[in-house]
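Lettering follows sequence order; numbering is per chain, from 1.
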Amino acid sequence: MERTLFKAQRISAILLAPWVLIHLGLILYAVRGGLTAAEILDRTQGSLFWGLFYGSFVLLVTVHAPIGLRNILREWTPLKSDNINPMCFMFGLFILVMGIRAVAAVVG
Amino acid sequence: MEVRIWRGKAEGAFSSYHVPVRDNQTILDVVTEIQREQEPALAYRFACRVGVCGSCAMTVNGKPRWTCRTHVTRVAHEGVLTIEPLRNLPRIKDLVCDMGDFFQKWQKAGGKHSGSLTRADKPALVDITNPARVTANAAIECINCAICYSACDVVAWDKDYLGPAALNRAWTLVNDERHSEREETFDKSFGEGGCGSCHSQGNCTRHCPVEISPSESIAGLKRAAFSGLPKMDGN
Ligand code: SF4
Ligand code: SF4
Ligand code: FES
């Protein structure tokens, strides 16, 4: 179990790294170009590319973040794994739902 | 020189002693001199006095050290020595710690060697050029002093963390072709509180008196999570 989580966290980190860079680059581009929210939505809505990009982004974060949070809680709080595991699972679900909602709003 | 030594258990205080400076004087010499001449009730551990047994480790001026091989001139700060028990281990009396947890974690990390040969078999022939053997050899000279365990912050934060020495031991077994439970040892080293908890910053390696690198051994275990157990010829 620990080994699987360890691998999942490392692999998701490797995949996330370029995704984060693209995301940051995109923000800089959009802001510098002075695009309005409406103009941005105009470009993203109906775009399969951005749907896939941000959809996979959300999935990777859903895998990566709760495992990291679990490690931090285990190391820094007196909470037991029995409590930490369901908390982090719920946190993962929360990210997933919020993320999918956000992607749907941007590309839907 | 002034020597401040911790007296008591978890609760206690430093007592100050004065000891003459001598040539080639080790920290253990100083503690022994104080125990013999000034404080007969002072509790501390040692056995070999030559850096083999690993029983004399203490915290000297804030750092964990093997006291029988540490010269006073190297560590005294403005003529003052402050000597405490190792960190991260329950204190029993004065400079003596309870090593129970430390060794139990070796077991938990799968540190018990299990052979597959019997008395009737010929001794195993080990090829010392085999890469796995070379890897194991780099980490086998551990003297069980718990200095790395005392230096590790993750041990301080997370009582379940197995710690550098136990995981280093597991790594040597994972690379030992004579160990019949390599897979089991690897699984245990990756259990809760196992090598995944290590931050890889190498404080253990920096302090190990025999220049083992537990952080490198732990990195080896982590890599093996992706690449599989080290390959063995003929096993
Ligand atoms: S590298 Fe790992 S084992 Fe070594 S001191 Fe740091 S956290 Fe502890
Ligand atoms: S790895 Fe080094 S510091 Fe740690 S117990 Fe072994 S000899 Fe001591
Ligand atoms: S007394 Fe044996 S290692 Fe120091």
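Applying the side-chain contact (heavy atoms from CB on, under 4.5 Å) criterion to B/Lys63, with sequence neighbours excluded, gives B/Arg65, B/His207. Considering only residues two or more places apart in sequence or on other chains, B/Arg7 meets the salt bridge (Lys or Arg N to Asp or Glu O under 4.0 Å) condition with B/Glu39, B/Asp94. With sequence neighbours excluded, the residues that form a side-chain contact (heavy atoms from CB on, under 4.5 Å) with A/Phe89 are A/Leu93.
In the displayed structure, A/Met87 atom CE is contacted under 6.0 Å by more than 12 heavy atoms of other residues, nucleotides or ligands. The number of heavy atoms from other shown groups lying within 6.0 Å of CD1 (A/Ile27) is above 12. Taking a 6.0 Å sphere around CZ of A/Phe94, one finds it holds 12 or fewer heavy atoms contributed by other residues, nucleotides or ligands.
Shown here for B/Gly196 and A/Phe6, the closest heavy-atom pair between the two residues is CA-CD1, 4.1 Å.
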Tell me which donor-acceptor pairs, judged by distance alone and kept under 3.5 Å, run between chain B and chain A, one pair per line.
{"unit_1": "B/Asp187", "atom_1": "OD1", "unit_2": "A/Arg3", "atom_2": "NH1", "d": "2.5"}
{"unit_1": "B/Glu192", "atom_1": "OE2", "unit_2": "A/Ser81", "atom_2": "OG", "d": "2.5"}
{"unit_1": "B/His199", "atom_1": "NE2", "unit_2": "A/Glu75", "atom_2": "OE1", "d": "2.8"}
{"unit_1": "B/His199", "atom_1": "NE2", "unit_2": "A/Glu75", "atom_2": "OE2", "d": "3.1"}
{"unit_1": "B/Ala225", "atom_1": "O", "unit_2": "A/Lys7", "atom_2": "NZ", "d": "3.1"}

